[in-house]
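All values below were derived from every heavy atom in this structure, side-chain atoms included, with hydrogens, water molecules and symmetry-related copies excluded.
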Amino acid sequence: MSKVVSVHSYRGGTGKSNTTANLATMIARQGYRVGIVDTDIQSPGIHVLFGFGEDDIEGSLNDYLWGRRSISDVAHDVTSVLEGKGGDRSKVYLVPSSVKAGEIARVLREGYDVGLLNEGFRELIETLKLDYLFIDTHPGLNEETLLSITISDVLVLILRPDQQDYQGTAVTVDVARKLEVPKLLIVVNKAPQVLDFNQLKQRIEETYDAPVAGILPHSDDMMVLASTGIFTMKYPNNPLTNVVEAIAHQVMA
């Protein structure tokens with residue numbers, strides 16, 4: 001059975017897309033077929049991590065939503081990011097959202113049929129024989145994110161150790177529980193090294209009554225990479241990569 005994994009944050013700037021890309025590729029390296037869909041249609045960005053510029057995206061989620069192409073036609077094979085380190089079955093597919101101003105403006109102006117997303121997710125899983133489908137969501141709560149949460153087998157909530165993130169995450173956790181998400185994991189990102197991570201983990205778990213899958217420290221190496229690649233592939237021996245691997249195993253469990 002395939003798993004749908006939504007990666008979400010209440011606020012922007014939490015490193016959600018980076019976390020999605022790194023978790024998805026880490027799992028693909030274990031010999032799985034993994035798909036990633038960028039549903040942050042208003043402010044897409046995960047494509048950059050896979051080496052796509054504006055002119056490189058020949059097909060996008062927008063084309064599917066407007067009825068121009070099937071969703072499997074706009075799934076780009078990006079398995080090369082694994083740099084030959086995966087298994088025989090390892091595959092990574094990316095469905096990016098368009099970064100063209102006109103396409104984004106149309107979404108903001110007209111909206112789209114959110115029900116099509118669910119149909120598209122199922123088609124991707126069946127057509128590409130996916131073991132995992134990762135959904136990189138739009139920050140906050142709207143119709144699209146509620147759909148993603150509803151159909152998820154695993155919901156990964158990203159937050160920074162920041163009071164605004166704490167309050168917003170509490171709202172999302174409450175919604176996820178009402179929607180009866182089977183597995184909820186919390187990931188703390190961009191944590192300053194001066195913090196006591198054990199105390200931070202305990203406090204957050206007590207606050208939300210949910211497991212903290214991992215605490216990702218602030219990383220100068222991540223900042224220097226500047227979204228020009230997949231961090232865990234470029235820095236396999238970095239302590240941050242070890243944390244991502246531990247989180248990936250909890251997603252797969």
Side-chain angles (χ1 to χ4, degrees), residues 5-29 34 36-40 42-57 78 80-83 85 92 94 96-97 99 104 134-140 156-169 172 185-201 203-204 212-251:
V5 183
S6 285
V7 183
H8 183 66
S9 63
Y10 187 79
R11 299 174 66 222
T14 58
K16 176 175 54 61
S17 294
N18 255 296
T19 303
T20 303
N22 280 279
L23 282 176
T25 51
M26 181 68 73
I27 288 175
R29 282 184 63 180
V34 178
I36 306 166
V37 182
D38 186 357
T39 64
D40 191 357
Q42 297 92 327
S43 51
I46 197 171
H47 60 277
V48 176
L49 294 157
F50 292 92
F52 286 91
E54 178 179 347
D55 298 329
D56 300 322
I57 301 177
V78 292
S80 60
V81 298
L82 300 181
E83 300 179 359
K85 298 173 184 176
V92 184
L94 173 67
S97 281
V99 292
I104 296 173
F134 277 78
I135 304 172
D136 185 16
T137 68
H138 184 66
V156 179
L157 287 180
I158 313 294
L159 73 154
R160 294 162 298 189
D162 174 273
Q163 198 61 37
Q164 294 182 67
D165 280 20
Y166 290 152
Q167 292 187 15
T169 299
T172 311
L185 299 174
I186 294 176
V187 172
V188 183
N189 196 19
K190 303 182 180 181
Q193 301 274 7
V194 295
L195 295 179
D196 184 320
F197 284 12
N198 289 327
Q199 287 185 6
L200 178 62
K201 180 177 186 290
R203 184 167 71 249
I204 290 176
V212 172
I215 298 177
L216 298 167
H218 170 80
S219 169
D220 288 339
D221 288 334
M222 175 75 82
M223 299 299 290
V224 170
L225 186 60
S227 297
T228 57
I230 309 297
F231 184 87
T232 54
M233 302 296 115
K234 301 295 183 184
Y235 295 88
N237 300 316
N238 190 285
L240 190 148
T241 296
N242 295 333
V243 179
V244 173
E245 185 172 11
I247 297 169
H249 283 296
Q250 292 177 70
V251 170

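Using modelled atom types and a 3.5 Å distance limit, the side chains of Asp40 and Ser43 yield a donor-acceptor pair. Judged purely by distance below 3.5 Å, without hydrogens or angles, the side chains of Asn22 and Thr232 pair a donor atom with an acceptor atom.
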When you look at Val188 and Leu216, which way does the side chain to side chain contact (heavy atoms under 4.5 Å, CB included) test go after all the steps? CA-CA 6 Å; Val188 183; Leu216 298 167; over 6 Å; no
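Here the side chains of Ser9 and Lys16 are in contact, with some heavy-atom distance below 4.5 Å. For the pair Arg29/Met233, a side-chain contact is recorded, criterion being any heavy-atom separation below 4.5 Å from C-beta on.
Under the rule for a side-chain hydrogen bond (donor to acceptor under 3.5 Å, both in side chains), the partners of Lys201 that lie at least two apart in sequence or sit in another chain are Glu205. Residues passing the ring-ring contact (aromatic ring centres under 6.0 Å, His included) test with Phe197: none are found, sequence neighbours excluded. Considering only residues two or more places apart in sequence or on other chains, Phe50 meets the ring-ring contact (aromatic ring centres under 6.0 Å, His included) condition with none of them. Residues that satisfy the side-chain hydrogen bond (donor to acceptor under 3.5 Å, both in side chains) test with Thr228, not counting sequence neighbours, are absent from this structure. With sequence neighbours left out, the salt bridge (charged side-chain N to carboxylate O under 4.0 Å, His left out) criterion links Asp162 to Arg11. Scanning for salt bridge (charged side-chain N to carboxylate O under 4.0 Å, His left out) contacts around Arg160 gives Asp165, with sequence neighbours left out.
Note that the CG atom of Asp136 and the CG atom of Asp38 stand 5.0 Å from one another [nearest 0.5 Å].
Between Ala24 and Ile36, the closest heavy-atom pair is CB-CD1, 3.6 Å.
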